[in-house]
Amino acid sequence: MATVLPLRANTNSTSSASTSTSLRQSTSSFPSSGDRSTAQSLLIRSADPSTHRSQPSNASNNSHRSSLSNGPLTMAAHRPPQRRVQRPIKSRYPADSPEKHVEYILVASFDIDRGSVMEHQYPGPVGGDEVMLAELMLPDQTHLRSQDWTIFFLHKDAEAEEDGDGVKRRKKKRRDDGQAETGAEREAEEWNSDDEQDSMDGPPLVYVLNLVNTKTDHTVKRGAVVKAMAVCTRHSFLHIYKPLLLLALEQYFAHPQVETLANLYNAVNGMDLSLMPRLNFYEQFILQASGAKDLFIERFEAIIAQRVAENGSETGSQDSMSPALQQHPSRSRFGLPRDTHEFESVVHYAHVPVPIKIPVALSAETVGDFSLIKLITTFSTPHSTSPVPFTPTHPHLTTSGPNTHPIIVLLNALLTQKRVIFLGHNLPSSEVAEAVLAACALASGGMLQGFTRHAFPYTDLTKIDDLLKVPGFIAGVTNPAFGHKTEWWDVLCDISTGRMRISNKIETGPPTEGVTYFQQNPMAPSTISASAGIVAIAAVGHSLSAGLGGNAVPTGSLSGDPTGDAAFMTSILTAINERHGENAIRTKFRLWIAKFTRLASAFEELVYGASALLIHDPNLTSPKAPFNPDSPSPASTPASDLPPEVLGHGYVWPSTQHRHAELAANATRIEGWRNTRSYYNFVQDLTTYYTHRPVKALDLQHLHDKLAKLRLGPDVSANIYLAICGAVQTEQEINQLLATIASGSWDARQGSAGMGQGLFYLALGLFHPRKGVREAVAGLLGRIREHEAGRHFWGALGRFAKVAWEKVEMGVQRGEDDEV
């Protein structure tokens, strides 16, 4: 099973019929004309897709190419890459779409006699309980602060869901009427995670960003005026509206009229995002995993060229340029973004141009602006300076015994669907809201879903009855009364003190079949590495409250850290101390979640004989080894006839003993995860992922991990190299391979093997003793070099490998010349 990337599977239930793509709108039109020289330059670039592939824009790539440019061989001249027919680049948010960026704007205030009051809802009522909405907009103790932010979610009602059904049906009809082409390549290219974000649990959420201001006024009874303004949007990147809310609320204090809301509403929905290209899922994942600031810059150039061409660029009149292009000021590269990870736009409100940056690639369960580093340091610092063992322990939570790291306890609690509360006494509500959002992203890793739908970034005592009806909720509160009611939660995270507590009333179920399996089938601990998981089981023979990980001591080895959690947290804290940045920390947790899902798949296969996390069709065909690299369509054979080392799947261990020990150490949390929302959502995601996966017969992640982690003989490695080279031919197949390389399964105890090494392990095939393997690998690297994203991976490859590639290509060229 290849590392699975998140996508919402489409279901037939009415509760999941609405799509998030039916919820955005840009009221600006496309540009009517543009600068002639700009248009001509962009059209030339768009017409020749090899322009940027042959000449990377970053300095490091240029230096690498200049060092090799004196050689006699041009870029794979004898074997031109297979390029797809150039199709129009689609916008993520088309300008002619009827969908709005912001659906509602709310204003609430506090009245000393009536309490929280909803003053305005524009352009109409949201629906539901107005009093509840007003209370959420005015959190506890807000009068003690001049400003505070809150975030909460609204669930769409049945009527709105029915409307979403209509939008989806109309969208499907447009595709059926000829706007979408047929074929697996086209299907994979069009696949986008936004297409099917419906949840098994219900329709899409409405995200609400709320700003509260308190202004001193001695003419009123309370001595201050408290007002709150909120925007309701379907965009998970709702933090972009913060500067606009700051301006708008000040405007409302000065002019408390509905026209103030109308001006804001029109301004935000006039934001033009039509020049943001739409990336498919693989491309989004590659963009998130890469730090290259010009990755997929070709897409931005092409979509600008399309807009200029569509709107009469031949006039060349700067005066007739539409607002859409005026919003994107021309820089040194024709208005292209400085960093392709973010799309820049401008919203004009109250005579102030407000710059906006929107993330181009979005991860599942990532809502708003938060910091994983802040969350981790909040609970890691007290644990490092003065550790306090967890009492009581729980098999799902304390997988390394009472001294399990608090972040691992939190991660386990979220994965096993425990009730988690973040308490921030005397702290702004924004602090607890950010902690809740960070926790959701922590457990999701951009792969698992089902956390934010049951998250309450801020709530209070008046809603406790409704909160307790939600299984596995994640809530943020500021009232200290929650800390004394242990029956209300399973894990309490006190942000004020940096401590976590496990409730003494938490339920502990009986041992499951998986746990019993490892108790009854211990492998002989003939080696130190094999004994870790087995000794852990024996240590908790009468009580599983400490988990199968036992009382592991963080020694950095498998014997002392059977789960690998201690080494993982050490690497996280080291990266934080070395200031690697927020994106690096999120990447580490994404890889941890990817590894966890692959461990769970192996666990289910071992214990239950089959896994719902593995989809494999033995009747599929795959390129036959040995492959002919020069053949445009390699011969195919049933996958079952391929060598066993090629047909493997799942996580890669150095030995059976390591496999058994690690699965035993993780057994309790895997069993706890198997009955959760995120597990069932993930199973459905796998189905959709497999349907759109270009390479279905092979587990590319498994094969790449073998090359990275195992010592292979020449015959075995030859079969693996040839299998990868034969399977990866088209652009979408290269996208899948690059996404696989970017998400390599990584174990902190084994160093950086398989992670962050780019094309290094594939490039080792250039030194294989068999000539056919060297030529096949050179052909694959040549195709990657020509790929718009692959050129960045090629640029990061060492010069030694590039010289080897050039020598192999020169040999192939000489052989072809001799034949002629």
Side-chain angles (χ1 to χ4, degrees), residues 1-4 394-400 404 408 411-417 443 445 447-448 509-523 525 529-538 540 544 546-550 552 558 561-565 568 591-616 648-686 699 701-702 705 709 745-747 749-750:
M1 182 192 76
T3 296
V4 178
H394 190 277
H396 294 167
L397 304 179
T398 51
T399 48
S400 296
T404 303
I408 297 297
L411 194 55
N412 291 337
L414 296 170
L415 289 174
T416 57
Q417 200 170 299
M447 299 174 59
L448 305 181
T512 60
E513 184 177 346
V515 174
T516 304
Y517 173 87
F518 285 100
Q519 288 179 320
Q520 297 176 350
N521 299 277
M523 297 184 65
S529 61
S531 65
I534 312 307
V535 172
I537 294 177
V540 293
L544 292 173
L548 288 186
L558 185 60
D561 183 21
T563 61
D565 292 341
F568 172 71
L591 296 179
W592 191 96
I593 294 296
K595 175 185 175 182
F596 174 74
T597 59
R598 293 171 75 82
L599 290 179
S601 175
F603 175 89
E604 290 181 334
E605 283 193 283
L606 179 63
V607 175
Y608 300 103
S611 174
L613 304 177
L614 174 66
I615 302 176
H616 177 67
H649 59 267
Y651 192 75
V652 175
W653 284 274
S655 68
T656 304
Q657 290 79 11
H658 281 81
R659 174 174 178 260
H660 195 87
E662 190 158 15
L663 292 181
N666 287 275
T668 53
R669 68 173 153 205
I670 291 176
E671 286 282 31
W673 179 57
R674 292 183 66 249
N675 295 315
T676 64
R677 292 182 299 264
S678 63
Y679 174 85
Y680 293 118
N681 285 341
F682 190 60
V683 170
Q684 288 209 354
D685 290 342
L686 280 171
D699 184 348
Q701 186 75 74
H702 177 83
D705 286 352
K709 296 181 178 181
S745 296
W746 170 61
D747 190 331
R749 297 167 304 194
Q750 298 178 6

query = So does Asp705 pair up with Lys595, basic N to acidic O under 4.0 Å?
reply = no
query = Where does the angle between the aromatic ring planes of His394 and His396 fall among parallel (under 30°), tilted (30 to 60°) and perpendicular (over 60°)?
reply = perpendicular
key: Backbone N/O of Gly672 and side chain of Thr416: donor-acceptor pair under 3.5 Å   = no
ask   = Can you find a pair of side-chain heavy atoms, one from Phe603 and one from Arg598, that are under 4.5 Å apart?
value = no
message = Looking at every heavy atom in both Val607 and Gly514, which two are closest together, and how far apart are they?
response = CG1-CA, 3.7 Å
note = In short, Thr563 meets Ser400 closest at the heavy-atom pair OG1-OG, 3.3 Å
request  = Nearest 0.5 Å please: distance from the CH2 atom of Trp653 over to the NE2 atom of His658.
outcome  = 11.5 Å
message = Please check this pair: side chain of Asp699 against backbone of His649, looking for a donor-acceptor N/O pair closer than 3.5 Å.
response = no
ask   = How far apart are the closest heavy atoms of Leu606 and Leu663, and which atoms are they?
value = CD2-CD1, 3.9 Å
query = Are Arg669 and Asn666 side-chain neighbours, meaning at least one heavy-atom pair lies under 4.5 Å?
reply = yes
key: Closest non-hydrogen atom pair between Leu614 and Ser601, with its separation   = CB-OG, 4.1 Å
ask   = Between Phe682 and Leu613, is any pair of side-chain heavy atoms under 4.5 Å apart?
value = yes
key: Validation row, ring centre Phe518 to ring centre His660 under 6.0 Å   = yes
inquiry  = Going by side chain to side chain donor-acceptor pair (under 3.5 Å), name the residues that satisfy it together with Glu604, two or more places apart in sequence or in a different chain.
reply    = Ser611, Arg674, Tyr679
note = Value for CG (Leu591) from CE (Met447), rounded to nearest 0.5 Å, stands at 9.5 Å
message = Within this structure, what is the CG-CD1 distance for the pair Asp565 and Ile408, rounded to the nearest 0.5 Å?
response = 4.0 Å
task = Taking side chain to side chain contact (heavy atoms under 4.5 Å, CB included) as the test, write out the residues that go with Ser678, two or more places apart.
result = Leu448, Phe451, Trp673, Thr676
inquiry  = Restricting to non-hydrogen atoms, name the atom on Ile593 and the atom on Leu411 that form the minimum distance, rounded to 0.1 Å.
reply    = CD1-CD1, 4.5 Å
query = How far does CG of Asn681 sit from CG of Leu686, to the nearest 0.5 angstrom?
reply = 11.0 Å
key: Atom pair CZ (Phe568) and CG (Asp561), whose distance is rounded to the nearest 0.5 Å   = 11.5 Å
